[in-house]
Number of protein chains: 2
Amino acid sequence: MALMLKDIYTRLLERGHKLTPQRWAIIAIFLMNRGRHLSADDVFAMLRETHPNNGIATVYRTLELLEEIDVLKKLDFGDGRARYEVRDDDNHHHHHLVCQQCGKITEFEDDLLIALEAAIHKKTGFQITEHVAKFYGVCAECQQKAENG
Amino acid sequence: MALMLKDIYTRLLERGHKLTPQRWAIIAIFLMNRGRHLSADDVFAMLRETHPNNGIATVYRTLELLEEIDVLKKLDFGDGRARYEVRDDDNHHHHHLVCQQCGKITEFEDDLLIALEAAIHKKTGFQITEHVAKFYGVCAECQQKAENG
DNA sequence: ATAGTAAACGAGAATCATTCTAAATACAAG
DNA sequence: CTTGTATTTAGAATGATTCTCGTTTACTAT
């Protein structure tokens, strides 16, 4: 099921953290932008609109905290900055398709990697806890543009 | 087949690059350390042993150049620095297993991801040119240590 | 061989995302 | 209210990477 505010609140309190206005605002930004992959600077810019005197350091700390309590998932698309997305219980196995033309990032659901993980464990004894899979190429739209151009 | 010095020499000259002693030395470092994943700093340290007055900027420039001509493959293990390995013609589909305990990186050969790429193209029209797959977990040795400790 | 020219070099400054520090503030519990 | 702890801000620090610029070098054509 989708992650709710109540869950986040509970997780924070369980670990002895406070629900400050800054954290509240940053959580809201992510909940209002589900499906997007926000960088610290993206969040900072959005936060500034409503909280003009928030510091960037707080954004970084909050992102780190939200990752620790499994609210956010840290992503790396190789563009030199970390990005984050909401980690719902039901989005556990989607992969990212990065278009090298327009930079757009789409998602793809598939559990084929589970089979691969099983094969790896069988052959090497390696116990996998997490995987990262990214695919680089050209999205359907950019292919069409290239044909028509 | 394995990448030879002659191939590298040819590729450099074809594109109008010069074969300087510095480049020669850096190429040699990679050929003498096949299978390892060297960072710019690793290369710099090794280079210093024989060429004490080489600059780090040259290392970065050379790594970039060698990547451009497909001699090296740039890797990102999420430790905040880029790493490089020799890109042989025959190592096209190995994945990296990163042990979260000891940091060791092992490799695993498998073409299962090809099937996944086909599935993605069929469903989304996305034309994939490259993929990155990394698996994080605990290697067999660290598991044993944990059991015995 | 020699000189000309573009490429490459070294040293250090600059950049950029991220992390740390120090001092100030807010919150929860007694 | 007071005290201890968590959190915040602003700015400095960090660390990998890139840029700049004056100098040097490898290749080319004389």
Side-chain angles (χ1 to χ4, degrees), chain A residues 8-29 37-69 71-84, chain B residues 5 8-29 37-69 71-84 103:
Chain A
I8 300 173
Y9 183 71
T10 306
R11 289 184 202 175
L12 278 174
L13 289 195
E14 269 173 1
R15 313 208 187 188
H17 297 296
K18 297 173 183 172
L19 190 56
T20 65
Q22 292 90 335
R23 287 178 182 167
W24 184 260
I26 290 173
I27 290 168
I29 285 172
H37 312 102
L38 303 175
S39 68
D41 216 58
D42 292 338
V43 174
F44 185 53
M46 293 179 181
L47 187 63
R48 284 287 204 172
E49 291 172 12
T50 54
H51 297 68
N53 35 354
N54 251 90
I56 183 83
T58 296
V59 173
Y60 278 104
R61 273 189 303 250
T62 304
L63 294 178
E64 189 183 15
L65 174 63
L66 292 177
E67 197 199 355
E68 272 174 33
I69 64 173
V71 169
L72 296 182
K73 184 173 164 60
K74 190 174 192 173
L75 307 170
D76 174 11
F77 293 133
D79 60 348
R81 77 206 65 198
R83 294 179 173 281
Y84 293 83
Chain B
L5 273 179
I8 301 173
Y9 183 72
T10 306
R11 288 185 203 174
L12 279 172
L13 289 194
E14 268 173 0
R15 312 209 188 184
H17 297 296
K18 296 175 183 172
L19 189 57
T20 65
Q22 290 90 336
R23 286 178 182 167
W24 187 258
I26 290 174
I27 291 168
I29 285 172
H37 313 101
L38 302 175
S39 69
D41 217 57
D42 292 339
V43 175
F44 185 53
M46 292 179 184
L47 187 63
R48 284 289 203 170
E49 292 173 11
T50 53
H51 298 68
N53 36 353
N54 253 88
I56 183 84
T58 296
V59 173
Y60 277 105
R61 277 188 297 242
T62 303
L63 293 178
E64 188 183 16
L65 174 63
L66 292 178
E67 197 199 355
E68 272 175 34
I69 63 172
V71 169
L72 295 183
K73 184 171 165 63
K74 191 175 191 172
L75 307 170
D76 175 9
F77 293 132
D79 59 348
R81 77 206 67 195
R83 294 180 174 279
Y84 294 83

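What's counted below: heavy atoms across the whole structure, side chains too, no hydrogens, waters or symmetry copies. Quick note on labels: first sequence line is chain A, next is B, and so on, each numbered from 1.
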Expressed in angstrom and rounded to an integer, what is the separation of [X] atom [atom1] from [N] atom [atom2]?
X: B:Leu65; N: D:dT17; atom1: CG; atom2: P; answer: 17 Å
X: A:Arg83; N: C:dA17; atom1: CZ; atom2: P; answer: 11 Å
X: A:Arg81; N: C:dT19; atom1: CZ; atom2: P; answer: 14 Å
X: A:Asp42; N: C:dC16; atom1: CG; atom2: P; answer: 16 Å
X: A:Ile56; N: C:dT21; atom1: CD1; atom2: P; answer: 19 Å
X: B:Ile26; N: C:dC9; atom1: CD1; atom2: C1'; answer: 11 Å
X: A:Glu68; N: D:dT7; atom1: CD; atom2: P; answer: 11 Å
X: A:Leu75; N: C:dA17; atom1: CG; atom2: P; answer: 17 Å

Residue pair [X] / [Y]: nearest heavy atoms and the distance that separates them:
X: B:Leu65; Y: B:His17; value: CD1-NE2, 3.4 Å
X: B:Arg83; Y: B:Ser39; value: NH1-N, 3.7 Å
X: A:Ile29; Y: A:Leu38; value: CG2-CD1, 3.9 Å

Q. Under the side-chain contact (heavy atoms from CB on, under 4.5 Å) criterion, do A:Ile8 and A:Leu19 qualify, and how do the steps go?
A. CA-CA 10 Å; A:Ile8 300 173; A:Leu19 190 56; 5.8 Å; no

(Q) Is there a side-chain contact (heavy atoms from CB on, under 4.5 Å) between B:Thr62 and B:Trp24? Walk through the geometry before answering. (A) CA-CA 10 Å; B:Thr62 303; B:Trp24 187 258; over 6 Å; no

Q. Partners of A:Asn54 by side chain to side chain donor-acceptor pair (under 3.5 Å), sequence neighbours excluded?
A. none

Q. Which comes earlier along DNA chain D counting from the 5' end, the contact point of B:Asp79 or that of B:Leu13, where each point is its nearest nucleotide?
A. B:Asp79

Q. Would you say A:Val59 and A:Leu47 make side-chain contact, with heavy atoms under 4.5 Å?
A. yes

Q) Toward the 5' end of DNA chain C, which comes first, A:Lys74 or B:Arg61, by nearest nucleotide? A)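 Its nearest nucleotide being more 5', the pick is B:Arg61.
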
Q. For C:dC9, does either OP1 or OP2 sit under 4.0 Å from a side-chain N or O belonging to B:Asn54?
A. no

Q: State whether A:Tyr60 places a side-chain N or O below 4.0 Å from either non-bridging phosphate oxygen (OP1 or OP2) of C:dT19.
A: no

Q. In residues 15-24 of chain B, which ones come under 4.0 Å of DNA chain D, going by heavy atoms?
A. B:Lys18, B:Leu19, B:Pro21

(Q) What's B:Asp41 touching, base or sugar-phosphate or nothing? Going by heavy atoms closer than 4.0 Å. (A)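 Result for B:Asp41 = nothing.
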
